[in-house]
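This report concerns only the one structure given below.
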Amino acid sequence: QVQLAESGGGVVQAGGSLRLSCAASGRTFSNYAMAWFRQAPGKQREFVAAISGGSGRLFYADSVKGRFTISRDNAKSTGYLQMNSLKPEDTAVYYCAANNFLSTTSGEYPNWGQGTQVTVSS
């Protein structure tokens with residue numbers, strides 16, 4: 001098991017930027033693929049972005065492609081989600097997740113953080 005803790009959420013105006021962090025502990029972080037998911041009120045949790053353990057493979061949801069960038073620093077056991085050109089529809093609780101293989105499906109991730117709220121005002 002790996003423990004995850006997100007930070008960096010907040011309130012931002014449309015067009016602004018935020019960087020989310022996901023600090024990992026408990027196991028060797030580089031052994032895990034990492035992903036970001038989000039859940040808006042009344043909606044299902046949806047995939048945002050994923051990155052392999054060595055950062056060689058990246059996936060993005062179409063809705064965030066070109067605006068969000070996923071990255072990781074294995075030496076710091078931390079993953080990141082840089083979010084630019086934010087829109088009101090990006091408002092959600094953002095969760096990081098880790099698994100020993102890369103996936104875009106939330107059900108395949110056994111390790112989750114507690115989530116961090118991102119609110120984009122128009």
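Source: prediction; values computed, not measured.
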Heavy-atom distance under 4.5 Å between the side chains of [X] and [Y], does that happen here?
X: Y60; Y: I51; result: no
X: N99; Y: M34; result: no
X: T78; Y: F29; result: no
X: S17; Y: Q82; result: yes
X: Y109; Y: S103; result: yes
X: F68; Y: W36; result: no

Taking all non-hydrogen atoms of both residues into account, name the closest pair between [X] and [Y] and its distance.
X: A14; Y: P88; result: CB-CD, 4.1 Å
X: Q39; Y: K43; result: NE2-O, 3.1 Å
X: V2; Y: A24; result: CG2-CB, 3.9 Å

**Study point:** Option from D90, T91, T116 for which side chain to side chain donor-acceptor pair (under 3.5 Å) with R38 holds
**Key:** D90
Check your understanding: Does R72 make a cation-pi contact with Y80 (under 6.0 Å, within 45 degrees of the axis)?
Key -> no
Look only at the side chain of [X] and the backbone of [Y], and say whether a donor-acceptor pair between them is shorter than 3.5 Å.
X: T119; Y: V11; result: no
X: E6; Y: G115; result: yes
X: N111; Y: A97; result: no

Revision key, fill the gap. For A5, the side-chain contact (heavy atoms from CB on, under 4.5 Å) test, sequence neighbours excluded, returns Q114
Practice item. Go through W112 and L4 one step at a time and tell me if the side-chain contact (heavy atoms from CB on, under 4.5 Å) criterion holds. Key: CA-CA 6 Å; W112 290 85; L4 304 170; 5.6 Å; no
Check your understanding: Could D62 and K65 be called an ion pair, given the rule that one side-chain N must be under 4.0 Å from one carboxylate O?
Key -> yes
Exercise for review: For residues 16-35, pull every pair meeting salt bridge (Lys or Arg N to Asp or Glu O under 4.0 Å), keeping only residues two or more places apart or in separate chains.
Suggested key: none
Check your understanding: Given V118 and M83, is the side-chain contact (heavy atoms from CB on, under 4.5 Å) satisfied, shown in steps?
Key -> CA-CA 10 Å; V118 171; M83 305 185 294; 3.8 Å; yes
From [X] [atom1] over to [Y] [atom2], what is the distance, rounded to the nearest 0.5 angstrom?
X: L86; Y: S122; atom1: CG; atom2: OG; value: 13.0 Å
X: S106; Y: R45; atom1: OG; atom2: CZ; value: 6.5 Å
X: N74; Y: S55; atom1: CG; atom2: OG; value: 6.0 Å
X: R67; Y: S85; atom1: CZ; atom2: OG; value: 7.0 Å

Point to revise | Residue among T69, V48, L81 satisfying side chain to side chain contact (heavy atoms under 4.5 Å, CB included) with V64 | key: V48
Point to revise | Ring centers of Y95, F37 separated by less than 6.0 Å | key: no
Review point. Linking I/L/V/M/F/W/Y whenever any side-chain heavy atoms sit under 4.5 Å apart, do Y94 and L18 land together?
Key: yes
